[in-house]
Peer 1: 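Please read through the structure below; I'll follow up with questions.
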2 protein chains.
Amino acid sequence: MFSERQQQIVETAIKLIAEKGIQNLTTKNLAKEIGISEPALYRHFSNKLEILKAVITHFQIKMQPAFDKLNKSVNSLNKIESFILEHLKIISLNPNFAKVIFSEANFQNEENLILKMNKMMNQSRNLLEKIVQSGQKKNELRTDVSPLSIVRVIIGSMRLLVTQWSMSSMIFNLENEGKELCEDIKKLIVAK
Amino acid sequence: MFSERQQQIVETAIKLIAEKGIQNLTTKNLAKEIGISEPALYRHFSNKLEILKAVITHFQIKMQPAFDKLNKSVNSLNKIESFILEHLKIISLNPNFAKVIFSEANFQNEENLILKMNKMMNQSRNLLEKIVQSGQKKNELRTDVSPLSIVRVIIGSMRLLVTQWSMSSMIFNLENEGKELCEDIKKLIVAK
DNA sequence: ACTTGGTTAGTGAGCACTAACAAAGATAAT
DNA sequence: ATTATCTTTGTTAGTGCTCACTAACCAAGT
């Protein structure tokens with residue numbers, strides 16, 4: 001799909017955004033960081049928007065394993081645990097992701113980009129919602145709380161954790177802190 | 001503190017950011033929207049950064065009532081309910097806030113701004129953490145879950161709700177949806 | 001000979017911001 | 001009471017800078 005040079009451009013773009021925000025992603029900086037000239041970029045992408053689109057596609061590809069692992073567990077609490085921990089694992093292994101993903105608002109002026117990003121986010125949320133609903137049906141999760149609220153609690157606290165981790169310059173171990181949060185969430189939502 | 005013209009500039013800046021993101025906040029657009037010339041802006045603020053600082057100060061002032069109302073309740077569950085609903089009420093009354101606040105990452109390259117913003121966010125979080133801790137001591141909240149997790153669950157789900165509201169072009173009623181979320185959160189964290 | 005992937009030099013557009021000036025109201029001197 | 005000066009708040013015109021992107025050329029591999 002992407003040539004080696006294209007991948008290098010995408011990865012360097014992510015690095016630049018993570019370092020100093022999306023304002024830092026200029027064609028000049030990008031070319032300089034890679035060690036080629038600015039016009040050389042345009043041999044691999046027709047314009048800057050295409051580079052940003054490729055960045056999001058890159059995320060989708062990297063995030064896929066988090067979804068693949070889910071079907072391996074039967075119990076819905078285990079599925080939710082996998083959902084949380086696998087997501088955090090991937091983000092932990094690709095620290096630059098966090099900074100870019102949670103600056104989604106930066107894409108506000110580019111309709112295409114925000115649509116692509118929302119689609120990706122909704123994919124996660126819908127999957128989790130199905131898991132929660134089936135968990136309630138099987139009486140593994142408490143049913144006195146709406147599935148929507150449970151999903152919001154899980155995704156919301158996950159995102160907040162990642163934001164705090166990212167804002168703190170990754171000062172704490174995301175996976176360990178994530179495990180603790182996950183255990184606590186499980187206690188909150190398990191059927192009594 | 002701020003003159004009338006300064007307030008007008010700040011409010012128009014918020015409007016522009018809310019409409020099309022922070023990239024839309026240029027001195028040209030700002031002046032045009034107000035109906036004055038660009039250099040006239042510089043009679044009221046020394047530069048653009050000062051305008052952005054004033055935007056954050058404006059938020060702090062508007063958010064203050066949410067904190068003032070908290071001391072009126074004794075029960076910690078009621079305090080948490082106030083915390084959530086008062087915050088959502090203010091955001092609901094100032095829809096542009098959401099778009100700006102949650103694009104905090106946009107300020108990434110301006111150290112001063114991000115510090116000011118974080119300070120404001122931490123103020124909320126610390127207050128909530130104290131409420132949760134005292135609630136656990138008084139056995140009003142369950143103690144098998146760490147206070148940090150409870151705070152993350154509350155703030156995280158609140159922020160997610162606001163983000164979803166903002167991204168959906170305010171299609172649902174934030175206060176009503178907030179009440180439902182709040183009731184569910186209370187069920188999750190109340191002592192058994 | 002053609003394709004691929006690079007180069008140098010430069011374009012127009014938009015950015016935050018400034019220099020210089022003008023008009024009106026407030027303040028003060030005559 | 002009138003005149004002179006100062007302050008405030010606006011204007012037009014323009015600055016230097018950075019941006020994404022392009023024209024034209026070139027070297028190496030197929």
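Fair warning: this is a prediction, and the values are worked out from it, not measured in the lab. The figures that follow rest on heavy atoms only: side chains count, while hydrogens, waters and symmetry mates do not.
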Peer 1: Which nucleotide sits closest to the side chain of A:T26: C:dA16, D:dC19, C:dG6?
Peer 2: D:dC19
Peer 1: Could you give the CD-to-P distance, from A:E4 to C:dG6, as a whole number of Å?
Peer 2: 12 Å
Peer 1: Using the side-chain hydrogen bond (donor to acceptor under 3.5 Å, both in side chains) criterion, which residues pair with A:Q136? Sequence neighbours excluded.
Peer 2: none
Peer 1: Looking only at the aromatic ring of each residue, does the gap between the centers of A:F97 and A:H87 stay below 6.0 angstrom?
Peer 2: no
Peer 1: Expected output is a numbered-order residue list: members of residues 42-50 of chain B with a heavy atom under 4.0 Å from any atom of DNA chain C. What is it?
Peer 2: B:Y42, B:R43, B:N47, B:K48
Peer 1: Is a side-chain donor-acceptor pair under 3.5 Å present for A:S76 with A:E140?
Peer 2: yes
Peer 1: Just how far, in rounded Å, is C1' of D:dA20 from CD1 of A:I9?
Peer 2: 15 Å
Peer 1: Return whichever of A:P39 or A:K28 has its heavy-atom-nearest nucleotide of DNA chain D closer to the 5' end.
Peer 2: A:K28
Peer 1: What is the separation between atom CG on A:L41 and atom C1' on D:dA20, rounded to the nearest whole Å?
Peer 2: 11 Å
Peer 1: Whole Å only: how far is the CD atom of B:E38 from the C1' atom of C:dG14?
Peer 2: 10 Å
Peer 1: To the nearest Å, how far apart are A:Q6 CD and C:dT4 C1'?
Peer 2: 13 Å
Peer 1: Nearest whole Å is fine: how far is D:dC19 C1' from B:Q23 CD?
Peer 2: 14 Å
Peer 1: Any base atoms under 4.0 Å from B:L25, or only sugar-phosphate, or nothing? Heavy atoms, all strands.
Peer 2: sugar-phosphate
Peer 1: Starting at CD1 of B:I34 and ending at C1' of D:dT9, how long is that distance when rounded to a whole Å?
Peer 2: 14 Å
Peer 1: Give a yes/no on whether any side-chain N or O of B:T27 is located under 4.0 angstrom from OP1 or OP2 of C:dC17.
Peer 2: no
Peer 1: When you group the ILVMFWY residues by side-chain heavy-atom contacts below 4.5 Å and let the links chain together, are A:I90 and A:L88 in the same group?
Peer 2: yes
Peer 1: As an exercise, state the distance from CG of A:N94 to NZ of A:K62, rounded to the nearest 0.5 Å.
Peer 2: 5.0 Å
Peer 1: With respect to the phosphate group of D:dG10, does any side-chain polar atom (N or O) of B:S37 fall under 4.0 Å of OP1 or OP2?
Peer 2: no
Peer 1: Are OP1 or OP2 of D:dT8 and a side-chain N or O of B:R5 less than 4.0 angstrom apart?
Peer 2: no
Peer 1: Can B:E38 and B:K28 be counted as an ion pair, charged N to O under 4.0 angstrom?
Peer 2: no
Peer 1: Quickly work out the A:N29 CG to D:dC17 P distance and round it to whole Å.
Peer 2: 17 Å
Peer 1: Please list, one pair per line, the donor and acceptor atoms closer than 3.5 Å that link side chains of residues 171-182 of chain B to other protein atoms, with sequence neighbours excluded.
Peer 2:
from, atom 1, to, atom 2, distance (Å)
B:N173, OD1, B:E175, N, 3.0
B:N173, OD1, B:N176, N, 2.8

